[in-house]
Amino acid sequence: MSSSKIYTLSYLLCLCLLHTPALAVKRSYVVYLGEHSHDDSSLYSAELEQRVSDSHRMFLASSLGSKQKARDAIYHSYHNHINGFAAVLEEEEAAKIASHPNVLSVFLDQGRKTHTTDSWGFLMPNTKGVIRRDSLWRKANFSEDVIIANVDSGVWPDSKSFSDEGYGQIPAKWKGTCDRTKISCNKKLIGARYFSKGYEANGAKLDASMHSPVDHDGHGTHTLSTLGGNFVRGAKVFGFKAGTVKGGSPRARVASYKVCWPPVNNTGECFDSDILKAFDWAIHDRVDVLSLSLGGNPGPYFNDAVAIGAFHAVKNGIVVICSAGNDGPDKATVTNLAPWIITVGASTISRQFLSFVRLKNGKLIKGTSLSPPLPQKKFYPLISAADAKAAHASLNKAMICEAGTLDPKKVKGKIVVCLRGENARTGKSLNAHHAGAVGMILCNNKNTGNDTMADSHIIATSHLTYQDGQVLYAYLNSTRDPAGYITPPYSQLGKVRAPSMADFSSRGPNIITPDILKPDITAPGVNIIAAFSEGVLPNGGEEGDNRKTPFNILDGTSMSCPHVSGVVGLLKKLHPDWSAAAIKSAIITTARTRDNTRRPMVNGSGKEATPFDYGGGHIRPNRAMDPGLVYDLTVNDYLKFLCGMGYNNTVMKTFSSGEHICHHKHNLLNFNYPSITVGKLSAAGTTSVLRKLKNVGTPGTYTARVRQPRGVSISVSPSNLTFDKIGQEKSFELILKPKITKESNHSVFGELLWSDGKHFVRSPIVVSSIVA
């Protein structure tokens, strides 16, 4: 039995022991059976779907004892490529099913969370607004007719970002559909589906009007337009001029698969069974790129719906990109860890939306905002939220300006100073507005560091770093009559160190497979302007804020993920013969680890960032189109990787339709990943790492250069590789030897660079611990 199956069965049996039969608890589970043998999506028919659904009911009936019980229990049946179903079961029933030899895994249908404009100008610089002829955009013809799909909260179809003006016929290979009774698709937005059965099976209620692919959150529209929206000139965010808003693959065809809904029971809003259904249909529909700005807690790969769906997608030639998560700066928080996924962290761009705080004592403090100006250009009284506390409120809640905690008699006509907490940033300014404040200054807590966001507040607001906030609080405590002014926001380009890592971006190491570096790459995820749904109030519908906007500014790895997806779309157009792994390698090995001042990238606290922060570095699209060499991988390589993880032949035959047998346990260190990570380096002797490079550029000789990690000696053999033609592959070996003999549990970093003088193929090296 595989390690994954043992984990699943043991977990379910433990749950059973916690409950007596009298308390028979029913919960929602996904039963994963591997891959269908009818793997050609052209075979789809209503008859086939019925046959597969019937087989799933018969299988479940053998455990439940009744076909009717099985019919009532199953709410999703996966019939295209992914084989399995989702059902409401008692824990004892789930444990019994998990022990069946044909079942790969049974796991709870858990909720995942979404991970929430000149970013493209920052990634692909232009000259005086004119896109250069040698840019990836022009070389790839703006991804014309590439099909990019988004698994998220749906789409606002009326956005100008999805207008089909000037578009030709939909590509003939498209097999998808649009729920035209609920939404209007066109030649740009070619598909829209929605999946909610998993969400509803977990106790949520949706009225009939919500059953549609229309976005009632804004997150899905924002991410979809970031990856594939049209050029839209003259865009505005609440009246603020945002310039030209565009997606990374602006001439691509886009499709939306809605799986995310309003949060339920504090468990998430995007449920595994719905996500898996979206993957199954996206593979059938023949998309080229799949983008998912969502995630949950990491787990074994066969218990992870995103990992399962992504594997089947990659096997069918689709590149899958996922967000890394917003739980930074803590270590080991990164999610979406499967090696066949491109996992994206978030970093900054050189565009700022500045709003200064001018104090009456003459000090000027830089802040960030995208909010309306103060009523008059004059000094207003300042008051800390702690001093403005209502008599009945708790001090802690008042300090972060929770609803109803501020005393209107103390706040009216003043600028209130709030601490950043877990409650919504725009909600704080709305609460201050309800209490009578004319403005708000938002100060970071110590643990939120230097990240500041240009939110669209309802009143004049400026967001300060922790250090600057301390300066402001010192002023408040130094005088009996504090006063200040908030300047109207304006946009500034190029005068800040960028990129730098966002504090919120989740960090490595990888807790499932320490020998695989995650995240893979970082991309813009702070102050990103893109299309928004006009079917939702941007600030969550708080009472008193009824504004709507066709464009909005958001932050998160949710925003960085579609930037990479847009680049992948361009690379798919330019290099249709490249595998998903080749595209990932090109992106990672051409990334940069320095900012626009040529200094090393930093994290939110100003310390030098590492590969655990950014993976290979900050994406450089124009370099990625001609990487010279790539570290390629096939589906068979991924199956060998799973063998190395301990999965047995029975599991592998089911997972891959009998295509692969684990002849022996493969060494994960030799998995041909573009980054090089050694989770445990032996203090005695040497450790060998094997890699293979494929030439995708001009013939030439590449020479290796190593930046040694501190305390580790690394040599490369051979140190020169000569390539005579495109597609030729050459292998090499890295020999790692520690310079110390005692145990060490800290991580050290270096890099391997192969260059022919024109191309620079850079791989990060991570050695996480040395063991005696």
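Computed from heavy atoms alone, side chains included, the values below leave out hydrogens, waters and symmetry copies. This is a predicted model, so every value here is computed, not measured. Numbers here simply count residues along the sequence, with the first being 1.
- Taking 4.0 Å as the cut-off between side-chain N and carboxylate O, Asp304 and Arg112 count as a salt-bridged pair.
- Here the rule is side-chain contact (heavy atoms from CB on, under 4.5 Å) with Tyr702, and of Val761, Asn720, Leu693 only Val761 fits it.
- With respect to the salt-bridge test (charged N to carboxylate O, under 4.0 angstrom), the residues Arg253 and Glu144 do not qualify.
- With 3.5 Å as the limit, one finds a donor-acceptor pair spanning the side chains of Thr223 and Asp152.
- Not a single donor-acceptor pair under 3.5 Å links the side chain of Thr335 to the backbone N or O of Gly295.
- Here the closest heavy-atom approach between residue Leu690 and residue Asn670 is recorded as N-OD1, 2.9 Å.
- Checked against the 2.5 Å cut-off, the SG-SG distance between Cys185 and Cys178 falls under it.
- Legend: residues meeting salt bridge (charged side-chain N to carboxylate O under 4.0 Å, His left out) with Asp274, ordered by chain and number and at least two apart, are absent.
- Ion pair Asp285/Lys173 not flagged as a salt bridge, since none of the NZ, NE, NH1 or NH2 atoms sits closer than 4.0 Å to an Asp/Glu carboxylate oxygen.
- One side chain, Thr348 or Ser500, offers a donor N or O that lies under 3.5 Å from an acceptor on the other.
- A donor atom on one side chain and an acceptor atom on the other are not found under 3.5 Å apart for His36 and Asn80.
- Under the 3.5 Å distance criterion, with hydrogens and angles disregarded, a donor-acceptor pair is assigned to the side chains of His618 and Ser347.
- Checked against the 6.0 Å centroid threshold, Phe612 and Phe749 count as a close aromatic pair.
- Donor-acceptor pairing under 3.5 Å is recorded for the side chains of Thr701 and Thr722.
- Without hydrogens or angle criteria, Asn186 side chain to Leu189 main chain gives a donor-acceptor distance under 3.5 Å.
- Looking at Arg507, its side chain never comes within 3.5 Å of a backbone N or O of Val334 through a donor-acceptor pair.
- Defined by atom type and a distance below 3.5 Å, a donor-acceptor pair is present between the side-chain atoms of Ser688 and Glu733.
- You'll find the ring centres of His81 and Trp281 outside the 6.0 Å limit.
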In a table with atom names and distances, give each donor-acceptor pair under 3.5 Å that connects a side chain of residues 575-584 to protein atoms at least two apart or in another chain.
residue, atom, partner, partner atom, Å
His575, NE2, Met625, O, 2.9
Ser579, OG, Ala581, N, 3.4
Ser579, OG, Ala582, N, 3.0
Ser579, OG, Asp632, OD1, 2.5
Lys584, NZ, Pro339, O, 2.5
Lys584, NZ, Ile341, O, 2.9
Lys584, NZ, Tyr673, OH, 2.8

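- Judged by distance alone, the side chain of Asp145 and the main-chain N or O of Ile170 form no donor-acceptor pair under 3.5 Å.
- Using a 3.5 Å distance cut-off with no hydrogens or angles, the side chains of Ser161 and Asn230 do not pair a donor with an acceptor.
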